[in-house]
There are 2 protein chains.
Amino acid sequence: MARPLTPKLSPAVIADEALAMVDQAGEFTIPALAARLKVSASSLYNHVSGKADIIELMRGRTVAGIALPEPAGDAAGGDWIGTIRAIAVEYRRAYAEHPRLIPLFTAYTVRDPSTLRMYEVLAQVFSAAGFAPRRTLGAITVLDSFVLGSALDAAAPEQVWEAVPGAGAALQDALRDGPGGPDRAEAAFRYGLELLLAGFGREAAAS
Amino acid sequence: MARPLTPKLSPAVIADEALAMVDQAGEFTIPALAARLKVSASSLYNHVSGKADIIELMRGRTVAGIALPEPAGDAAGGDWIGTIRAIAVEYRRAYAEHPRLIPLFTAYTVRDPSTLRMYEVLAQVFSAAGFAPRRTLGAITVLDSFVLGSALDAAAPEQVWEAVPGAGAALQDALRDGPGGPDRAEAAFRYGLELLLAGFGREAAAS
DNA sequence: ACCTGAACACCGTTCAAGT
DNA sequence: ACCTGAACACCGTTCAAGT
């Protein structure tokens, strides 16, 4: 039984199974992935070029669901801050759904079209709000850094913050209070995002 | 020649050599590390418990140089925002010196004493500035996420942002302007940090 | 105590062979 | 076109053996 009538594999099938592995184990391996797909390891290479390719496919699957607002209409009068907020929240939510995936592609270059399209929309919005090109790049970089850092923070919430015997009194106080886990990470993200948006708003008003 | 009179290895020697490998290649491997140290791979296990241990040692070496300010004196009157700025800048600078290291330990839990001490100092400063414990934790999380995200951004600056054929006009404009590489990442970090600090300042003033 | 060499289980990838 | 099995170079780790 060498070639089946209908193919057992496809890039999408491979990426989804790898995504499921990463969600539950934090990593994936070509042989283990092949086993889960009931296929030999070498079969995968008929559909993907290698492990890096699979990771890039996973990124695409994660980000593809993000709905980007249409920025065309609201040149200067529209709620451009609301547009940026919506993008940042969606972007972060998409990553937070697969938190253990993030460390995997911090090492790789972004080539995913959805991600690049999102950068483009952000650039349009900042430009329309009156940001010079250089300031636009800075603002996008700040947003991107914060979203990615926040998603990373959500990836290992309990272990990083809880049960730290070396922690001093002030840190212990802070840790005891408030919610832990995903809620803490989400709340902190919202808090920091509003600080950044307020700063963007003041900058636009000043120009 | 089984056992030399003076040991050829130590945790520090191993970590430094691994750091040099990561700085220049972006990764390291036990056999290659052993070869650079002119030692057999199994020798390393007399000094470290494994690869994860080496990564934790590298984190310690990277962060150990951070000089933490004494927060005791400036309870409410002192320049607490300046203290936080100094910590964040130092923290980010330490990571940015070894940018390719960052993806390696995003997957691991922080146990490094220097890092925990830094969190404690931040907690003291925010508390003294009038932040309730819950707000203190939120502020630290925001800072930490932004610093880590910014350092990550610095890890792959050119590839991520330049030469993206799919990029639209607004993004191209932003990319053409201003500095590229480390300067861009550094400037964006400073920009975002000031936005966050301004937000912290307004929150403290309001309470 | 510290280094060596052999060994083990595993990884990612290639490739001729099958249909 | 698509799957298989064998093969390759490599990885991280263990462990008995040496001094």
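Convention: sequence-line order gives letters A, B, ...; per-chain numbering from 1. Predicted, not measured: the structure shown is a model, and the values here were computed from it.
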B:Ser43 side chain near C:dC2 phosphate (N/O to OP1/OP2, under 4.0 Å): no
Parallel, tilted or perpendicular: rings of B:Phe200 and A:Tyr191 (30°, 60°): tilted
Derivation of the side chain to side chain contact (heavy atoms under 4.5 Å, CB included) call for A:Tyr91 and A:Leu143: CA-CA 10 Å; A:Tyr91 185 25; A:Leu143 264 183; over 6 Å; no
Rounded distance in Å - CG (A:Leu33) to P (C:dC10): 17 Å
Separation of C:dT19 P from A:Lys8 NZ (nearest whole Å): 16 Å
A:Glu90 vs A:Arg93, salt bridge (Lys or Arg N to Asp or Glu O under 4.0 Å): CA-CA, chis, key distance, verdict: CA-CA 5 Å; A:Glu90 275 294 289; A:Arg93 186 194 50 70; 2.9 Å; yes
Whole-Å distance separating the CD1 atom of A:Ile54 from the P atom of C:dG12: 9 Å
Pairing annotation in dot-bracket form, given for DNA chain C with Watson-Crick or G-U pairs under 3.5 Å and | for cross-strand partners: ||.|||||...|||||.||
Test applied, side chain to side chain contact (heavy atoms under 4.5 Å, CB included); reference residue, B:Asp23; option that passes from B:Glu97, B:His98, B:Arg100: B:His98
Interatomic spacing from CG in A:Leu122 to CD1 in A:Ile87 - rounded to 0.5 Å: 4.5 Å
Which nucleotide in D:dC3, C:dT4, D:dT14 has an atom nearest any side-chain atom of A:Asn46: D:dC3
Rounded distance (Å) that lies between atom C1' of C:dT14 and atom NZ of A:Lys51: 17 Å
Minimum heavy-atom distance A:Val121-A:Pro69, with the two atoms named: CG1-O, 4.2 Å
No-H, no-angle donor-acceptor pair, B:Thr29 side chain to D:dG12 base, under 3.5 Å: no
Nucleotide of D:dT4, C:dT4, C:dG12 approaching A:Ile30 most closely (side-chain heavy atoms): C:dG12
Minimum-distance nucleotide (side-chain atoms of A:Pro4 versus D:dC2, C:dC3, D:dG5): D:dC2
5' precedence on DNA chain C between B:Thr6 and A:Phe28 (nearest-nucleotide basis): B:Thr6
Nucleotide of C:dT13, C:dC3, D:dT14 approaching B:Ser42 most closely (side-chain heavy atoms): D:dT14
Selection from C:dT13, C:dC3, D:dC2 that lies nearest to any side-chain heavy atom of A:Tyr45: C:dT13
side-chain N/O B:His47 vs C:dC3 OP1/OP2, d < 4.0 Å: yes
Listed nucleotide nearest any side-chain atom of B:Pro31, set D:dC2, D:dG12, C:dT4: D:dG12
Protein-nucleotide distance (B:Glu27, atom CD; C:dG12, atom P), rounded to Å: 13 Å
A:Phe189 and A:Phe146 aromatic ring geometry - parallel, tilted or perpendicular at 30°/60° bounds: parallel
Residue B:Ala41, side-chain atoms from C-beta onward, closest of D:dG5, C:dT4, D:dT13: D:dT13
Length of the CG-P vector between B:Leu44 and C:dA1, whole Å: 19 Å
